[in-house]
2 protein chains.
Amino acid sequence: MTHDRAPTLDDVARAAGVHKATASRALNPATRDQVRAETARRITVAARRLGYVPNTIARGLRTSRTAAVGVLIPDLTNPLFPPIVRGIQDRLEQNGYTALLVNTDGDEARERAEFAALRSRRVEGFIVATARRRHPLLTEAVREQISFVTVNRSVELPGVPAVVGDDADGVTQAVAHLRSLGHTRIAHLAGPQDLSTGAVRLRAFQHAAPSSPVVECAAYTEAAGRTAAGHLFEHFADTTAIVAGNDLIALGALAVICARGRSCPRDVSVVGYNDMPFADRFRPPLTTVHVPHHEMGAQGAQLLLERLRDPGSPARTVLLPARLTVRGSTAPVR
Amino acid sequence: MTHDRAPTLDDVARAAGVHKATASRALNPATRDQVRAETARRITVAARRLGYVPNTIARGLRTSRTAAVGVLIPDLTNPLFPPIVRGIQDRLEQNGYTALLVNTDGDEARERAEFAALRSRRVEGFIVATARRRHPLLTEAVREQISFVTVNRSVELPGVPAVVGDDADGVTQAVAHLRSLGHTRIAHLAGPQDLSTGAVRLRAFQHAAPSSPVVECAAYTEAAGRTAAGHLFEHFADTTAIVAGNDLIALGALAVICARGRSCPRDVSVVGYNDMPFADRFRPPLTTVHVPHHEMGAQGAQLLLERLRDPGSPARTVLLPARLTVRGSTAPVR
DNA sequence: CTGAAAGCGCTTACAG
DNA sequence: CTGAAAGCGCTTACAG
């Protein structure tokens, strides 16, 4: 990166008139007290003067501790993930760790390739936001004793730490809210059932509103929400309220309601899920279940860090509270 | 990460009955033809059987090529940056590189610390989305011949490659659009003037609408936009159109317009800048200048990659086209 | 308290 | 075409 080779520990040692082993000890806070204070000071000064930057790569090779973890997400441009990633980064950084972030776009082959690339960079563990309920790659990872935790979604595998939102409670709150507004014809636009969030939210909906219409969306996207909402209104035209699998699906539903010449919340109320950024600025402002995404990321990082420190510790699952946030997309039934 | 030590090149070599140097050559596509085809095959099979994953760290130490670059952004949860980062990641990945992403939160000390940490991880160069017009850290980086490019914003330093939007043209389009709607009392809520985007957009505005009101915002945030819009209406209550420094500032202006009992676009038209995700779903849907952020990131990565390949190549600046996107927040003057 | 030596897992000029 | 050796920049048990 620079023309004249970056200074090494040996350069510093020579400048301070000591052996590089001593320089190493002086510069590492954990071993600094093994060297005479005056010597240590001389070394520190020399290091600063030369602009010495320790080579983390070399240290990692020697100690096999890279202070890096891999983070798998579906797609950074999905508004759900930036706050989660930020939470991960913040907590990791507090502990001197770095995140290596990759997008899988929901593509299994791509995920495998990225996973291998991250392993070749010797990350110490993984934070996985791409978990599916059945997940061959993660099954193998467990078998190979690779440290990882999942966030937002969980995998149906014992012994995997996870941080998830209390989706069952969130959906229950959403249904109760709609009921309190007088709605009785409530439908669910369910998320993909191969994801834990999709399955848990659907089950909670069925429990809260037995024998109500359900249409499954192919993905957590606006387009999928639009398709599903189309089907819903074809078969259940008298629906007055929708619990959407997430905010993007809700956006799709909103578009369909509008396209059919009806209005939200006057004719149909809609509740989203996640409280994505700027959901309060939408037209109409979206009533939705808030999930603490930054906290989710931070706790996920915390769990992994604990795992790395003590691989034998029991796998914890952290359930984060969901909170219904009432805005303009829900109103009393007419 | 696993209990039984991960297999090394030496393990593979032994399994295949060759020297590790030969195994190295066989497994590296660039040197594979230096070894007899049959031998190479045997080695490949052994590698796969053992589940060998090359140690990028060790390779990096030996070759001093880490295939990693540092990416500096203000804050990942600012909706401007995910598409830029995604563009960077995508292009980098195509070239076998990885991005190490850090947030600075606009804090200079933090930026310095992160920069040093990234250097200690021996990134080969930097993609900087945090550039200020005067930027001591970047000035030093130039002096130390560190490879870097800026994206979105530029630094007033010669020889630094940059990818920026055509902000002057974007603002010119915005003003022309408002003029065509009959507006004559047009104001600018300018971005921070220590950033190139803030300065360029302001200059273009002053050129397009000489002696029109301008209020500078302290930051590219909704809160700053609210404050600035408050000042604007205090002094220029008859303003009928606003060109906002960016979409977040526009959102602040919208809130103030509403709070003053007036309505957008009926009483005041507002044009944003950036076309942030979901700007079309806002109330009202935001007329704004679209900037190709994914492309911006991709080109930034491309520029850096070229720089790394040929450090002597001249510093290019790429100007990406801006395109006014008319939606619901602008209307004919009453 | 400090030094000398070994070694982390690779790659690559140098021999043969 | 393959092997033996050196070395990338560190850390750390082992001596002294």
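Here is the naming used below: chain letters follow the sequence lines, and residue numbers restart at 1 for every chain. Any value given below was found using the heavy atoms of this structure, including those in side chains, with hydrogens, waters and symmetry copies removed.
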Measuring to OP1 and OP2 of C/dC10, would you say a side-chain N or O of B/Ser24 lies under 4.0 angstrom away?
no
Using the test side-chain contact (heavy atoms from CB on, under 4.5 Å), find all partners of A/Arg48 that sit at least two apart in sequence or belong to another chain.
A/Thr44
With sequence neighbours left out, the residues meeting side-chain hydrogen bond (donor to acceptor under 3.5 Å, both in side chains) with A/Thr31 are none
Would you tabulate the nitrogen or oxygen pairs shorter than 3.5 Å linking the protein to nucleotides 13-16 of chain D?
from	atom 1	to	atom 2	distance (Å)
D/dA13	N6	A/Arg25	NH2	2.6

For atom CZ of A/Arg316, decide whether the heavy atoms of other residues, nucleotides or ligands shown that lie under 6.0 angstrom number more than 12.
no
Mind checking what makes side-chain hydrogen bond (donor to acceptor under 3.5 Å, both in side chains) contact with B/Thr39, not counting sequence neighbours?
none
Euclidean distance, atom NZ of residue B/Lys20 to atom C1' of D/dA6 [Å, nearest integer]
10 Å
Pairing of DNA chain C as dot-bracket, 5' to 3': ( ) intra-strand, [ ] crossing, | other strand, . unpaired, with Watson-Crick or G-U pairs under 3.5 Å?
|||.||||||||.|||
For atom CG of B/Leu9 and atom C1' of C/dT11, their distance in whole Å:
9 Å
Could you tell me the separation between the CZ atom of A/Arg42 and the C1' atom of C/dC1, rounded to a whole number of Å?
12 Å
Run the side-chain hydrogen bond (donor to acceptor under 3.5 Å, both in side chains) test against B/Glu114 and tell me which residues pass, sequence neighbours left out.
none
Tell me whether the side-chain N/O atoms of A/Thr39 come closer than 4.0 Å to OP1 or OP2 in C/dT2.
yes
Quick one: salt bridge (charged side-chain N to carboxylate O under 4.0 Å, His left out) partners of A/Asp75, sequence neighbours excluded?
B/Arg86
In whole Å, what is the span from the CD1 atom of B/Ile43 to the C1' atom of C/dC10?
15 Å
Run the numbers on B/Glu140 and B/Arg112 for salt bridge (charged side-chain N to carboxylate O under 4.0 Å, His left out), then give the verdict.
CA-CA 11 Å; B/Glu140 291 167 34; B/Arg112 266 184 195 281; 3.0 Å; yes
Output for pair (A/Gln34 CD, A/Arg25 CZ), nearest 0.5 Å, gives 6.0 Å
How long is the line joining NE2 of A/His19 and P of C/dA6, in whole Å?
12 Å
Salt bridge (charged side-chain N to carboxylate O under 4.0 Å, His left out) with B/Arg14: which residues, sequence neighbours excluded?
B/Asp10
Salt bridge A/Arg134-A/Asp194, side-chain N to carboxylate O under 4.0 Å
no
Going by heavy atoms closer than 4.0 Å, what residues in residues 28-36 of chain A are next to DNA chain C?
A/Asp33, A/Gln34, A/Val35, A/Arg36
Separation of C/dA5 atom C1' from A/Asp10 atom CG, nearest Å, is 14 Å
Here the residues of residues 44-69 of chain B within 4.0 Å heavy-atom distance, strictly under, of DNA chain D are B/Leu61, B/Arg62
Under 3.5 Å, is there a donor-acceptor pair between the B/Asp90 and B/His294 side chains?
yes
B/Thr63: partners by side-chain hydrogen bond (donor to acceptor under 3.5 Å, both in side chains), with sequence neighbours left out:
none
Across all chains, not counting sequence neighbours, the salt bridge (charged side-chain N to carboxylate O under 4.0 Å, His left out) partners of A/Arg132 are A/Glu108, A/Glu111
